[in-house]
Structure formats: structure tokens, C-alpha cells
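A note on names: the letters A, B, ... follow the listed sequences, proteins ahead of strands, and every chain is numbered from 1.
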Number of protein chains: 2
Amino acid sequence: MPEEKTKEVVRQKLTQYLEAKKLRKTPERYAILDKIYSTNEHFDVDSLYDFMVNSKYRVSKATVYNSIDLFVDAGLVRKHQFGNNPAQYEKSYNTVNHHHLICTRCGKVQEVKDQEIIDILSNKKFGKFTASYYSLYVYGVCNRCAQAEKKKKQTVRK
Amino acid sequence: MPEEKTKEVVRQKLTQYLEAKKLRKTPERYAILDKIYSTNEHFDVDSLYDFMVNSKYRVSKATVYNSIDLFVDAGLVRKHQFGNNPAQYEKSYNTVNHHHLICTRCGKVQEVKDQEIIDILSNKKFGKFTASYYSLYVYGVCNRCAQAEKKKKQTVRK
DNA sequence: TTTACTGCAAATATTTTGCAATATC
DNA sequence: GATATTGCAAAATATTTGCAGTAAA
């Protein structure tokens, strides 16, 4: 789906959500959602705020926090806390299901897709708990850090 | 494995880790590790700190933070950030592998065990990334909250 | 017209850091 | 004796809150 089409759909989804919850359709909320759907990366509140300001759209940080919470509740954005603050977010509508590899040395987060895991998880039932989505974090050491460590050990050996 | 035996083993593991990294074997580190392995619950830094103080073992909060980081790196403790601060921790040695169901309404965290998921994940390879452990968070609505919501809707209908 | 929402600033909460004193190696 | 670690306090970071003004319904 092209980006513009996706944005249109999520705008509609936001409208539905706001009406269902009897909340107001403020321009800030639509502007922030639009910015979120203009990127494919993970982001935190601060960088989203900067992005808004640089795009000549002034909002307060409080409103960014408030809106993001709303989007998470509406299922349009996912929140992640990969062990280090600040919280990271990503758009979730029409986004390929994926998992996260988190390097415990350098903190780098890498996305991976694994159909087998996705299939298993999406068919899983957990008793009376109604699952809406999954976050799988795989912690370990990325290739770059593993190489660096190896090199270091060799140096020590000398 | 009885609790005392487990504590003994993790003490040894900590010793190995500290020696390998050429760090010091301070009484604080062993005392904190011991307290962590005296509970089966998730905990945060504050409650662990209180637990230490109430047990007449005075440590500073900075030392608690410092030590926990060490334990996480040593693989003796797992860190979780379930969407709300503060970070939650749990002991990891000799602990049954499990996943977390997190209610997005009330924030309650429930543990579940699913052998199929465990098997799949522990055999999975992610390219050159060396995985050490997994965190699977299932977000959704717990039974209690689902019931409460149902009831509310019925009331509104009247 | 009502009141939810915004922006701003202050408050709170969490974690990190600097530094002098102490204890491990 | 050298220096990693501790405790304490202050600083940095992240998020929430109170309130007056604004704007959506």
C-alpha cells in the first residue's frame, strides 16, 4: 500500500476511535499521526517532537505524549521499551509483523521477520486473556560487537 | 532445586563472572544477589532497596542499580520494561522459562509457560546475532478487565 | 455554551553521575 | 599501595500534572 493511502486509512481509523470514545478531533492529533506514518524507523518522543517543529508544525511536548498514548490505545502505534530509556515507538498499521534483536553491548535494535514465529504466535490462545499483539525481544550480542570482543581478547593474549 | 542450593550456585556464578571480568567481590553484591533470589516475584529497584533496608542490610540505591546491571550482564537477572516505569526485574537462574501477558487496561502482568513457544525460540538462529535470551510480551486485555468492560456496556444500554 | 484539549511551566519519577571515603586485591 | 566500589547528594533524563487560555462540539 502506498504511503499516502496508508495515511488516509489511519486518519479514518483515528476518526473512528475518537468518535467511539467521544474524544475531540483536534488538528494536532491528525498532524502527529501523519508525521508518525511518514517514517519507517523507531522513534522516541523527543525526536518526533523535533521532527514536528522542524516541519514548521508547532506542538507542545505534552501534546505529543498525550497523543501517542491515544494512538497506542487505538492500536495505531506500538510502544517499546528495549531496556534503555526513552521509550521507542513505531507505527503499527499495515506494518509487516516483525521481531527485535537487541544487542546488550551496544544497544542497537535490529528488526527480523520470521514467518514460523509469527504463525505460531498468532494462533496461540492464552486462556481467558484476549491477546491483541505480541512483542518478541531477542537479547544477545550483535555481530559487530562479537567481532570487537574477539579482537580485544586476541590483543590481551599478546 | 531448593532455594538454598540455588542461592549457593548463583553465588558461585557471580564469583566466576567477577573473576573473569576482574571485578571485585564486594559483600554488597553478594547480599543483593541473595535478596533477589529470596523472592519469586517481579520487583523494581525501589522495592528491592526497601527489602534490603528492612532486612537490616544498608546499601545505597546507587549500588543497587550498579549491582543489578552487573547481574543482568552476568545472566543472573532479567530486566523487563512492561510499558510503564520503573523497570521490573526477576531472577533468571534455574527459573522456568516463561512469557508475560500484560493487560493494557490495568497493567497487570501474568506469567505463562508454553513449551511449544519455548522450543521454537530456543532452536531459532538469527543469522550472525548471538542470542542469549528471549522476552515475549503478549499485550491484550485480561479476563477481569474484559468482564468489567462487558458489564459497563450493559449498564450503558439500559 | 460547555468542556476537552493545548501549551507552558512546574512537579514528579527514575536513573546516572561526581566525588570523597573505604575496602578489595 | 593502587584503584574499584561504595554512599551520598546533585544532576540529568523522562514523563506527568496543574492551570489558564483556546477551540471543538
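When rounded to the nearest whole Å, the span between CZ of A:Phe82 and P of C:dT15 equals 17 Å. The interatomic distance linking A:Arg29 (CZ) with C:dC5 (C1') rounds to 6 Å, in whole Å. Atom C1' of nucleotide C:dT24 and atom OH of B:Tyr30 are separated by 12 Å, given to the nearest angstrom. For the pair B:Gln81 CD and C:dT15 C1', the computed distance is 10 Å after rounding to whole Å. Residue B:Gln88 contributes atom CD, which lies 15 Å from atom C1' of C:dT15 at whole-angstrom precision.
No side-chain donor from either of B:Asp50 and B:Ser47 sits under 3.5 Å from a side-chain acceptor of the other. No donor-acceptor contact under 3.5 angstrom links the side chains of A:Tyr134 and A:Ser122, judged on distance only. Side-chain contact check for B:His80 and B:Glu90: at least one donor-acceptor pair (N or O, by modelled atom type) lies under 3.5 Å. A donor-acceptor contact closer than 3.5 angstrom is absent between the side chains of B:Ser92 and B:Thr95.
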**Message:** What verdict does the side chain to side chain donor-acceptor pair (under 3.5 Å) test give for A:Asn40 and A:Lys91, after you've listed the backbone C-alpha separation in whole Å, the side-chain angles of each residue and the deciding distance to 0.1 Å?
**Reply:** CA-CA 8 Å; A:Asn40 293 309; A:Lys91 60 183 180 177; 2.8 Å; yes
**Message:** I'd like to know whether A:Gln12 forms a side chain to side chain donor-acceptor pair (under 3.5 Å) with A:Gln16, so could you lay out the CA-CA distance, the side-chain angles of the two residues, the decisive distance to 0.1 Å, and finally the verdict.
**Reply:** CA-CA 6 Å; A:Gln12 286 170 18; A:Gln16 285 166 23; 5.3 Å; no
**Message:** Assess the residue pair A:Lys79 and A:Asp69 against the criterion (salt bridge (Lys or Arg N to Asp or Glu O under 4.0 Å)); give the C-alpha distance rounded to whole Å, side-chain angles, the decisive distance to 0.1 Å, and a yes or no.
**Reply:** CA-CA 9 Å; A:Lys79 181 177 184 176; A:Asp69 274 0; 5.2 Å; no
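With B:Phe51 as the aromatic partner, B:Lys35 meets the cation-pi criteria of under 6.0 angstrom to the ring centre and within 45 degrees of the ring axis.
Taking the salt bridge (charged side-chain N to carboxylate O under 4.0 Å, His left out) definition, one finds that B:Lys13 meets it with nothing, sequence neighbours left out. Checked against side chain to side chain donor-acceptor pair (under 3.5 Å), B:Tyr37 has no partners two or more places apart in sequence or in another chain. For A:Tyr49, the ring pair (Phe, Tyr, Trp, His ring centres under 6.0 Å) criterion is met by no residue, not counting sequence neighbours.
Within a heavy-atom distance below 4.0 Å of DNA chain C, the residues of residues 57-68 of chain A found are A:Arg58, A:Val59, A:Ser60, A:Ala62, A:Thr63, A:Asn66. Interface residues of residues 33-54 of chain A facing DNA chain D, ordered by number: none; criterion, heavy-atom separation under 4.0 Å. Less than 4.0 Å separates DNA chain D from at least one heavy atom of each of the following residues of residues 15-25 of chain A: A:Arg24, A:Lys25.
Between A:Thr26 and C:dA4 there is no side-chain N or O to OP1 or OP2 distance below 4.0 Å.
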